[in-house]
Each structure stands twice: as C-alpha cells, then as structure tokens.
Amino acid sequence: MVASIKPHRDDVGLADGLMLIDGRWTAAEGGQTWTHRHPATGEDVASFPVAGAADVDLAVRAARRAFDEGPWPRARATERIRVLRRIADLVRENGDELLKLQALDNSVPLTFGGVYGMSWAMVADVFDHHAGWVDKLAGETLPPYQGGDHLVMTLREPVGVVGAVVPWNAPLLLTAQKVAPALAAGCTIVLKPSEYATFSVLRLVKLIEEAGVPAGVINVVTGPGDPTGDALINHPMVNKLSFTGSRAVGRKIIEASANGFKRVSLELGGKSPALVFADADVGSAAAITMGTVTLGLSGQVCLAQTRALVHRDVAEEFLGMAEMIAGMVSYGNPFDPAVTSSPLINPRQLDRVLGLIAQGQADGARLVSGGTRGEGELAAGNFVAPTLFTDVTNDMSIAREEIFGPVLSVLTFRTPAEAVEKANNTPYGLSAGVWTEKGSLILWMASRLRAGVVWANTFNKFDPTSPFGGYKESGYGREGGRHGLEAYLDV
Ligand code: NAD
C-alpha cells in the first residue's frame with residue numbers, strides 16, 4: 001500500500017473552475033458553487049459554479065444564436081476540418097495533463113490511461129476521425145418512383161442546438177464522443193459535465209476553444225442534475241439531447257424530450273454477461289472478466305461484465321483464477337504507478353454497493369472474497385475490496401442490479417441455450433462476452449444475445465469507427481463512427 005493518498009492538485013496547477021458561456025469564462029449569476037471532494041481521500045479538491053436556470057438560458061440562447069446566425073453551421077468544410085484536427089493535436093500535446101485532471105476528478109489511476117479507451121490517444125482520435133467525415137456529409141439524388149421529369153434531392157443538415165449531458169466515469173472520452181460529431185455536423189452545443197468530473201472536461205473545452213471554435217458554438221454549464229441538468233434538458237430551444245448516464249436519469253431525458261420533440265440519444269447502464277464455455281481459455285476469461293469489474297474504475301463502467309455465466313465443468317477453475325486477480329488489485333493514490341484501481345465515486349455509492357453486497361449474502365450467494373470497505377489509510381476514501389460471489393441465481397439483486405462497483409457474480413450453465421436464456425434475462429443489453437474456441441458457437445451466440453456489442457475471446461476493443469450503444473433499457477442510438485454521426489444530422 002502507498003504511504004500517502006493525497007491527490008496531487010498542484011501537479012496540474014488547478015485553478016477553481018469557471019464555466020464557458022458565449023465565449024466568456026464566467027461564474028454563476030447567483031454565485032453558487034460546488035466543491036468537489038476527492039473519492040480517494042474525502043478532501044476538497046476545488047470548486048466550480050453551479051449554473052441555475054438563468055445561466056443555462058444564457059448558454060442555450062448563445063448556442064441558438066451561433067446556430068441561427070453564426071459562421072459555424074455554414075463554415076467551409078476545410079475550416080471545420082482544420083479546427084477538428086487542431087483539437088486532436090492539442091489533446092495530444094496536453095494529454096498527460098488531461099489524464100491528471102481526470103484522476104483528480106474521479107480517481108481513475110494514471111496507469112489506466114494506457115488502456116486505449118481511457119487514454120488521451122482515443123480522445124484525440126475521435127476528433128481526427130470526425131474531421132474525416134466533414135466533407136463527406138452528402139445527400140442523395142433519387143429517381144422518381146413513378147417516372148416523370150423531376151428529381152428528388154436530399155440534404156443532410158445539422159440538427160441544431162445539442163444539449164449534451166455526460167457522466168463522471170470517462171469524462172474525457174464521453175465528452176469527445178458527443179462534441180466531435182456535433183461539431184463535424186455543424187451543430188452548436190451546451191455541454192453539462194458531471195458534478196463528480198468537471199475539471200478535466202473544463203480543460204478539454206478550453207482546448208476546443210483554443211483550436212478556433214467560434215464563441216457560442218460550445219458552451220459549458222457546470223453543476224449537478226438539479227438545477228443545472230434539469231434546466232438544460234427542459235429548455236425549449238434545445239433540438240437534441242445526447243445523454244450518457246443512468247437508466248433513471250435516462251427516463252427523465254425521454255420525458256423532457258417531449259417538450260419540443262427533441263431528438264434523443266441515450267447511452268445507459270448495463271448488467272453485462274460474460275459466457276465462458278468448457279473449451280475456452282478459462283484462465284484468460286476469468287482474468288479479463290474479473291479485471292473488468294476491479295481494475296481501473298473498479299467496476300464503475302457501463303460495459304463491465306459483472307455476471308460471469310460459466311459452464312459447470314470449468315466453474316472451479318474460473319473461480320480460482322478470478323480470486324487470484326482479486327488479490328492483485330492495489331488501491332490508493334491514483335498518481336502512484338503501482339495503483340491499479342479506483343475508489344467508488346462518492347459516499348452514497350459506497351453505501352449502495354456495501355448494501356447490495358450484504359443483500360447478496362442474505363439472498364444465499366456465497367462470498368468467495370472481498371465484501372468489505374477499505375481500512376487504515378484507505379478508510380478516508382470510498383474503497384471497497386474486490387468482491388467475488390458464487391452460487392448466484394438470476395433472481396438475486398446482485399445478478400439484476402447495475403452495482404457499479406467491484407463485484408463479480410458467478411452463475412453456471414450446462415447448455416448454450418441455457419446460457420443465452422440466462423444472459424438475456426435482464427432489462428439491460430449493453431455488452432456481452434463469449435469465450436469459446438468454436439467459431440460457429442461464437443456466431444450463434446452473437447445472433448442470439450440481446451446486446452449492443454458482443455466481444456469474443458476479448459474485451460473492450462473499440463475505437464472511433466465502432467458504433468457503441470445498447471439494446472433494451474441500455475439505451476437507444478449509437479455513439480461512434482458513421483452511426484454516431486447520423487444522430488447529429490437531419491435529412
Ligand atoms: P447519472 O445518470 O447519475 O448522471 C449522469 C449525468 O446526468 C450527470 O452529468 C448528472 O449530473 C446528470 N443528471 C442527473 N440528474 C439529472 C436530471 N434530473 N436532469 C438532467 N441531468 C441530470 O449517472 P452517473 O452516476 O454520472 O454515471 C453512471 C451511469 O452512467 C451508469 O448507469 C453507467 O452505466 C452509465 N454509463 C453509460 C455509458 C454508455 O456508454 N452506455 C458510459 C458510461 C456510463
């Protein structure tokens with residue numbers, strides 16, 4: 001364990017935040033602020049404004065003006081491409097600082113920045129990828145179905161003012177996945193970061209501004225769901241809501257969209273299964289599956305595969321390896337290269353996870369390891385030991401709820417049909433994993449699993465070209481690649 005877990009605020013010269021409205025960095029009109037507490041220590045990091053309805057209104061009106069009258073939606077393709085490429089370059093030049101700010105926000109270990117999906121490299125690539133789309137947003141010319149001497153022409157036009165709301169767990173990447181396609185399409189944006197991960201997003205927006213995005217095209221309002229997020233999603237001048245977060249807030253987004261018939265894309269939670277067959281490389285399957293719920297963000301990841309469905313014949317082998325991985329997890333200061341995993345984001349989430357662990361035991365699941373909160377120098381933070389349950393059945397709350405913590409539940413199956421039935425027995429449908437050497441079985445499973453992404457013999461491989469999103473209550477619409485971009489265009 002590390003000697004000190006004080007976050008290195010001075011490393012990044014962090015100043016208290018201001019938000020960006022119409023090209024000006026500003027405090028909230030009413031002067032309210034929110035002080036961020038670091039999840040590893042409980043210490044105050046810094047504060048930023050809480051935007052009220054009046055601030056949000058100013059931001060949305062600025063975005064509206066920039067859309068209706070400003071140069072951005074009408075800019076030459078070369079200009080939009082130049083700006084998007086410049087953002088990518090600035091992210092690369094300032095990548096280490098962005099990751100440090102992210103660690104100050106949510107305590108994700110710096111070493112985890114080596115994982116492509118959590119790295120500045122992917123954030124930069126997302127902007128580069130979208131720069132490549134700008135001059136390809138062509139419409140079509142269609143022949144008349146019944147003949148005649150007219151033609152039909154389609155235009156693909158920016159959808160308008162985008163209200164983008166992001167969560168705290170991957171603030172840089174998830175901001176990029178919304179802002180890059182919106183800018184490429186010619187939209188204007190009001191962005192609301194999570195109150196638990198604001199500083200890294202403010203820095204990224206500063207880089208976007210530096211790259212030459214005109215005033216009013218990107219605005220940031222900071223603060224919690226109430227009042228800031230609520231005012232944004234209900235604002236009548238917003239044309240599209242792009243949301244990543246929980247299912248509960250996703251419902252509010254859908255309700256708010258009725259006011260003005262806003263377009264909506266939703267990236268919500270998951271309770272994803274990993275299906276491990278008897279012929280699989282069981283060691284890799286167990287190491288990677290346990291890793292998805294313990295390394296990096298400690299299971300606070302939408303696509304984490306928190307239900308391992310393991311063939312009966314290899315269940316013991318799987319459990320042995322998963323327990324070994326649990327023993328290798330190291331907690332502490334996110335700036336320490338030896339630290340592998342984060343605390344939970346806040347005390348409320350700590351209580352919730354400990355409550356679900358207790359419920360799992362009460363329901364009759366067998367606790368193999370973990371289940372306790374951090375002790376000694378970790379007690380000031382929101383740490384929970386890597387937790388492994390077996391003898392879990394699908395009706396238990398640990399198998400049904402998105403726990404968002406370092407908890408893996410192991411269930412067993414005998415046949416592929418039983419595995420599919422158990423895997424799909426959830427309201428969620430974000431990701432799934434299949435572990436087998438049989439190609440035909442992988443294809444059969446992929447066509448039957450109700451999940452937006454199915455990985456085979458691997459996990460978390462995606463890049464800026466890959467569409468990502470959920471089936472069922474994990475959301476609708478896709479982020480990334482051509483499919484993601486379409487959500488910012490009207491025909
Ligand atoms: P959350 O839903 O609590 O918050 C997400 C964002 O919504 C935050 O910015 C928050 O301030 C805002 N918000 C809260 N109440 C609001 C309201 N009434 N109106 C408008 N905005 C409001 O989620 P979280 O705890 O930040 O993130 C965790 C959740 O996000 C998990 O469910 C996780 O699975 C999901 N997630 C999904 C994906 C994906 O791509 N599918 C990626 C990351 C996280």
Side-chain angles (χ1 to χ4, degrees), residues 34 36 39 48 50-51 53 56 105-106 108 117-118 163-178 190-198 200-201 220-235 238 241-257 259 262 264-272 292-293 296-306 344-346 348-350 352-353 382 401-405 426-431 451-453 460 462 466-480 484 487:
W34 171 286
H36 177 55
F48 51 81
V50 172
V56 171
D105 276 336
N106 62 12
V108 62
M118 289 302 293
V165 180
V166 285
W168 57 267
N169 62 346
L172 296 170
L173 179 63
L174 298 174
T175 297
Q177 292 277 53
K178 296 183 189 326
V190 180
L191 172 70
K192 195 203 86 63
S194 165
E195 61 275 34
Y196 298 105
T198 294
S200 53
V201 176
V220 190
V221 289
T222 53
D226 178 16
T228 314
D230 189 64
L232 176 58
I233 64 175
N234 285 295
H235 200 293
V238 171
L241 295 171
S242 176
F243 175 72
T244 303
S246 63
R247 208 161 46 133
V249 179
R251 276 203 193 91
K252 293 187 180 170
I253 302 280
I254 295 170
E255 285 162 19
S257 73
N259 178 6
K262 302 174 177 83
V264 179
S265 23
L266 297 174
E267 297 281 345
L268 307 179
K271 188 72 192 176
S272 300
T292 76
V293 298
L297 283 156
S298 292
Q300 300 169 103
V301 186
C302 56
L303 45 77
Q305 297 181 342
T306 51
L344 303 183
I345 190 67
N346 55 36
R348 184 168 40 95
Q349 181 60 8
L350 174 69
R352 182 170 179 276
V353 170
N382 312 316
E401 300 266 334
E402 184 187 41
I403 298 177
F404 235 51
T426 165
Y428 292 109
L430 196 53
S431 93
V453 54
N460 205 11
F462 69 102
S466 316
F468 182 79
Y471 283 15
K472 302 196 284 187
E473 295 187 29
S474 289
Y476 40 72
R478 293 290 176 269
E479 250 174 18

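Start at 1 with the first residue, then count along the sequence. Indexing begins at 1, ligand by ligand and atom by atom, following the structure's order.
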(request) Please identify which atoms of ligand 1 are closer than 4.0 Å to at least one heavy atom of Pro193. (result) 9 (O)

(message) Given 3.5 Å as the limit, does a donor-acceptor pair link the side chain of Lys271 with the main chain of Glu401, or not?
(response) yes

(request) Could you tell me whether a side-chain N or O of Ser474 sits under 3.5 Å from a main-chain N or O of Leu268, the two making a donor and an acceptor? (result) no

(request) Check ligand 1 against Asp230 and write out every atom of the ligand that is under 4.0 Å from a heavy-atom position of the residue. (result) 19 (N), 20 (C)

(request) Would you tell me which option among Gly225, Gly223, Pro171, Ala170 has the nearest heavy-atom contact to atom 13 (N) of ligand 1? (result) Gly225

(message) Starting from atom 12 (C) of ligand 1, what is the nearest protein heavy atom, named by residue and atom, and what distance separates them?
(response) Val165 CG1, 3.7 Å

(message) Heavy atom to atom 44 (C) of ligand 1, shortest distance: which of Asn169, Thr228, Ile233 holds it?
(response) Asn169

(message) If we ignore hydrogens and angles and just use 3.5 Å, is the side chain of Glu267 paired with the main-chain N or O of Glu479 as donor and acceptor?
(response) yes

(message) Looking at Lys472, I want to see if its NZ is surrounded by more than 12 non-hydrogen atoms of other residues, nucleotides or ligands under 6.0 Å.
(response) yes

(request) Mark up the atoms of ligand 1 that fall under 4.0 Å of a heavy atom belonging to Glu195, in ascending order. (result) 10 (C), 11 (O)

(message) Protein non-hydrogen atoms only, distance under 4.0 Å: does atom 34 (O) of ligand 1 have such a neighbour?
(response) yes

(message) Give the atom numbers and elements of ligand 1 that come within less than 4.0 Å of a heavy atom of Leu268.
(response) 34 (O), 37 (C), 38 (C), 39 (C), 41 (N)

(request) Could you find the nearest protein heavy atom to atom 2 (O) of ligand 1 and give me its residue, atom name and distance? (result) Ser246 OG, 2.6 Å

(message) Is it the case that the side chain of Asp230 and the backbone of Asp226 share a donor-acceptor pair, with hydrogens and angles ignored and the cut-off at 3.5 Å?
(response) no

(request) Can you see which heavy atom on Ile345 is nearest to which on Gln300, and at what distance? (result) N-OE1, 3.0 Å

(request) Only heavy atoms count here, so choose which of Val166, Leu303, Asn106, Leu297 is nearest to atom 8 (C) of ligand 1. (result) Val166

(message) Checking the side chain of Thr292 only, and the main-chain atoms of Gln305 only, is there a donor and an acceptor separated by less than 3.5 Å?
(response) yes

(message) To check your reading of the model: name the closest protein heavy atom to atom 21 (N) of ligand 1, its residue, and the distance in Å.
(response) Gly229 CA, 3.6 Å

(message) Check contact between Leu174 and ligand 1, using heavy atoms of the residue and a distance below 4.0 angstrom.
(response) yes

(request) Could you see which bit of Glu402 sits under 4.0 Å from ligand 1, with heavy atoms only: side chain, backbone, both or neither? (result) side chain

(request) Pull out every atom of ligand 1 sitting under 4.0 Å from any heavy atom of Trp168, numbered as shown with elements. (result) 24 (P), 25 (O), 26 (O), 27 (O)

(message) Starting from atom 27 (O) of ligand 1, what is the nearest protein heavy atom, named by residue and atom, and what distance separates them?
(response) Pro167 CB, 3.3 Å

(message) Closer than 3.5 angstrom, by distance alone: can the side chain of Asn106 be matched with the main-chain N or O of Ala197 as a donor-acceptor pair?
(response) no

(message) Can you name the atoms of ligand 1, numbered from 1 with element, that are less than 4.0 Å from a heavy atom of Gly269?
(response) 32 (O), 34 (O)

(request) Record the part of Lys252 in heavy-atom contact with ligand 1 below 4.0 Å; permitted values are side chain, backbone, both and neither. (result) side chain

(message) Classify the ring geometry of Phe462 against Phe468: parallel below 30°, tilted from 30° to 60°, perpendicular beyond 60°.
(response) parallel

(request) Compare Tyr428, Phe243, Tyr196, Phe404 and give the one whose heavy atom is closest to atom 28 (C) of ligand 1. (result) Phe404

(request) Check each of Asn234, Asn346, Asp226, Thr244 against atom 5 (C) of ligand 1 and report the one with the nearest heavy atom. (result) Thr244

(message) Donor-acceptor pair, distance only, cut-off 3.5 Å: does the side chain of Thr228 make one with the backbone of Ala51?
(response) yes

(message) Give me the atom names and distance for the closest heavy-atom approach of Phe404 to Val301.
(response) CE1-N, 3.4 Å

(request) Report yes or no: does Gln349 contribute a side-chain atom to a donor-acceptor pair with the main-chain N or O of Ile403 at less than 3.5 Å? (result) yes

(message) On a heavy-atom basis, I'd like to know which of Gly245, Ala304, Cys302 is closest to atom 30 (O) of ligand 1.
(response) Gly245

